[in-house]
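The next block holds one structure in the form of structure tokens; read it before the comments.
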Amino acid sequence: MAEANIVLTGFMGTGKTTIGRAVAEGLERRFVDLDDVIAERAGKSVSEIFEQDGEPTFRAAEARLCQEMREPAGLVVAAGGGAVVDPVNRDALAASGMMVCLDADPETIVRRLAGQTGRPLLSGSDRPARIAELLAQRAGAYEAIPRHLQTSQLSVGAAAERVMGMAIDLPAGGHRLRLKTMPETADRNKATLQPSSPLPPYDILIAEGLIAQVGRRLLAAGLAPGRCAVVTNPTVAEYHAGGLVASLRACGFEPEVYEVPDGEAHKTLATAAQLYDRFAASKLARGELVLAIGGGVIGDLAGFVAATWLRGVPFVQVPTTLLSMVDASMGGKVGVDLPSGKNLVGAFKQPALVLSDPALLASLRAAEFRSGLAEVLKSAIIGAPDLFEQLAGDGPPSLVSMIADAARVKVRLVERDPFESGDRAWLNLGHTFGHALELYSDFTLRHGEAVALGMIAAAELSAGLGRCEAALPGRVRQATGRLDLPQAYSFEIDRVIELMGTDKKRAGRTLRFVIPLKIGEVTLVQDISHEAVRAALATIRR
Ligand SMILES: NC(=O)c1ccc[n+]([C@@H]2O[C@H](COP(=O)([O-])OP(=O)(O)OC[C@H]3O[C@@H](n4cnc5c(N)ncnc54)[C@H](O)[C@@H]3O)[C@@H](O)[C@H]2O)c1
Ligand SMILES: [Zn+2]
């Protein structure tokens, strides 16, 4: 198949044609201006078509041409700003490759168009007013295009470079997941007056070597270069901040690194407050980006700060632990702990982009990696049976594919249930038992180890309730063994049951458990008798 097209669109005067030509030259591709094609076919200029045949004739020809342009053909295409107002045209052009909407300030547009004739839509005496009116009419259509490039301050060459950066391919073997979700303001209590429309989807990119592309990837996601607050901790910074900062600088970002101390103990309001103070000191402004590079602790904390600083600034996740690559970095749950419990204060803040580079895991301690494998196994049991077979057998074909398969399960659940009112709770598989065991051990058990034990207990509970075949718990046990995760632990059953009662995720007063029905299918059960829970716990007690 031919390479994807690069389609530039946007209002008059935003530079579609000049920038498009420069991109085509830079990439040695053919350049096609849709207006020129229409004029050539009609044997007269666009102005003449408007004058002699009327705008509807022009629009009809344009619509036909857009349909012809559906297929990737390795072209650089300039599409008139009027063409993409119709979603049918827009979708057809977008299907052929990457579409970028060029933007410019009204003043810049007026200046760039000064003295130009042959602009049929700008006839009349008050051009600035006409431009403002058309811009307002088309704002919604332009907003629907995920990628934008502001060209007011850019030379043609610089703008072309940005577009070329947006078009780069993922490193070989990489995966691209997309997550569609609802805005944070979509009211879960249904008190909003207007139905909320979904947010533009965001990409979750998983590829070895991605860290070197971070700058370009941000541009590709439509984030404007400028100042960027990089939130991390000293452990992660030592290994990975250098590469990240270089990649950001190379694309015109001005990263400033903010370190907070390492560890869950610092995922607090106090640490958030320190970040606010430091952002205030450096005058981090609205629209300037917060980028988290670290594990789930950094992601949750930085995301919470990004959600609340100036009532929300754009946020990007660069997860560096296995747990955060397959779970914490996606789905928009951010927050901090209180002395009275974990994650009690938070928000839904969807990142603009998640960039997972498995190469970063090389520096992770083995025990942390293993702990993350428990969450991979969890995803497999919930919704990726093939991945489960790989984990229980010879292992997945690659780290990248393992992460992508596990992440995909979470993406599907988040899309179905962005605010965790239903099926997203499935992600708690093994966690009701697991949290209690973690507490019981006074955190000498790692989260992943406790969750692994919890998943075995959940499978045993399911079997005890007659909800799955009797062999299932054995298969889960076997997989945890394969991953070097514990299969038994020494504890007091009654104490652990007591501790389960203090889980904040409990709805009402009955205990709820996610249990597997088979590999790849789970369900939520409640009103489970203490006897059944005791019996399940007894099977993981040493
Ligand atoms: N938001 C969500 O949906 C969600 C989901 C699951 C978990 N979480 C949260 O995630 C947190 C746990 O995350 P975690 O397991 O990633 O722990 P973590 O962030 O504490 O990271 C574990 C340790 O590894 C270090 N580290 C991270 N990346 C490294 C790297 N590449 N090389 C070397 N060292 C590295 C960290 O500095 C830390 O010491 C918890 O606070 C939990 O509440 C959130
Ligand atoms: Zn977990």
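Model, not experiment: these values are computed from the prediction. Order of appearance sets the numbers: ligands from 1, and atoms from 1 within every ligand.
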Stepwise salt bridge (Lys or Arg N to Asp or Glu O under 4.0 Å) test for R446 and E438: CA-CA 7 Å; R446 278 171 190 278; E438 239 182 318; over 6 Å; no

Nearest to the Zn ion (ligand 2) - the N/O/S atom of H431, by atom name: NE2

Polar side chain donor-acceptor pair, Y239 to T320, under 3.5 angstrom: no

Backbone N/O of I211 and side chain of D357: donor-acceptor pair under 3.5 Å: yes

Residue D394 excluded, over 12 heavy atoms near CG under 6.0 Å: no

ring-ring contact (aromatic ring centres under 6.0 Å, His included): pairs with one or both residues in residues 446-496, sequence neighbours excluded: H431-H447, H435-H447

Test item: side-chain donor near acceptor, K267 and N343, under 3.5 Å: yes

Which pairs of nitrogen or oxygen atoms, taken one from ligand 1 and one from the protein, are under 3.5 angstrom apart?
residue, atom, partner, partner atom, Å
ligand 1, 1 (N), D300, OD1, 3.0
ligand 1, 1 (N), K333, O, 2.8
ligand 1, 3 (O), K410, NZ, 3.4
ligand 1, 13 (O), G296, N, 3.2
ligand 1, 16 (O), G296, N, 2.8
ligand 1, 16 (O), T321, OG1, 2.6
ligand 1, 19 (O), G296, N, 3.1
ligand 1, 19 (O), V297, N, 3.0
ligand 1, 28 (N), T320, O, 3.3
ligand 1, 28 (N), T320, OG1, 2.6
ligand 1, 31 (N), H240, NE2, 3.4
ligand 1, 31 (N), T320, O, 3.0
ligand 1, 31 (N), L360, O, 3.0
ligand 1, 31 (N), S363, OG, 3.4
ligand 1, 32 (N), S363, O, 3.4
ligand 1, 32 (N), S363, OG, 2.7
ligand 1, 37 (O), N233, ND2, 3.0
ligand 1, 37 (O), D262, OD1, 3.0
ligand 1, 37 (O), D262, OD2, 2.9
ligand 1, 39 (O), D262, OD1, 3.0
ligand 1, 39 (O), D262, OD2, 2.9
ligand 1, 41 (O), E264, OE1, 2.5
ligand 1, 41 (O), E264, OE2, 3.2
ligand 1, 41 (O), K267, NZ, 2.8
ligand 1, 43 (O), K267, NZ, 3.1
ligand 1, 43 (O), K342, NZ, 3.3
ligand 1, 43 (O), N343, ND2, 3.2

Identity of the N, O or S atom of E375 lying closest to the Zn ion (ligand 2): OE2

Under 3.5 Å donor-acceptor, E288 side chain and A285 backbone: yes

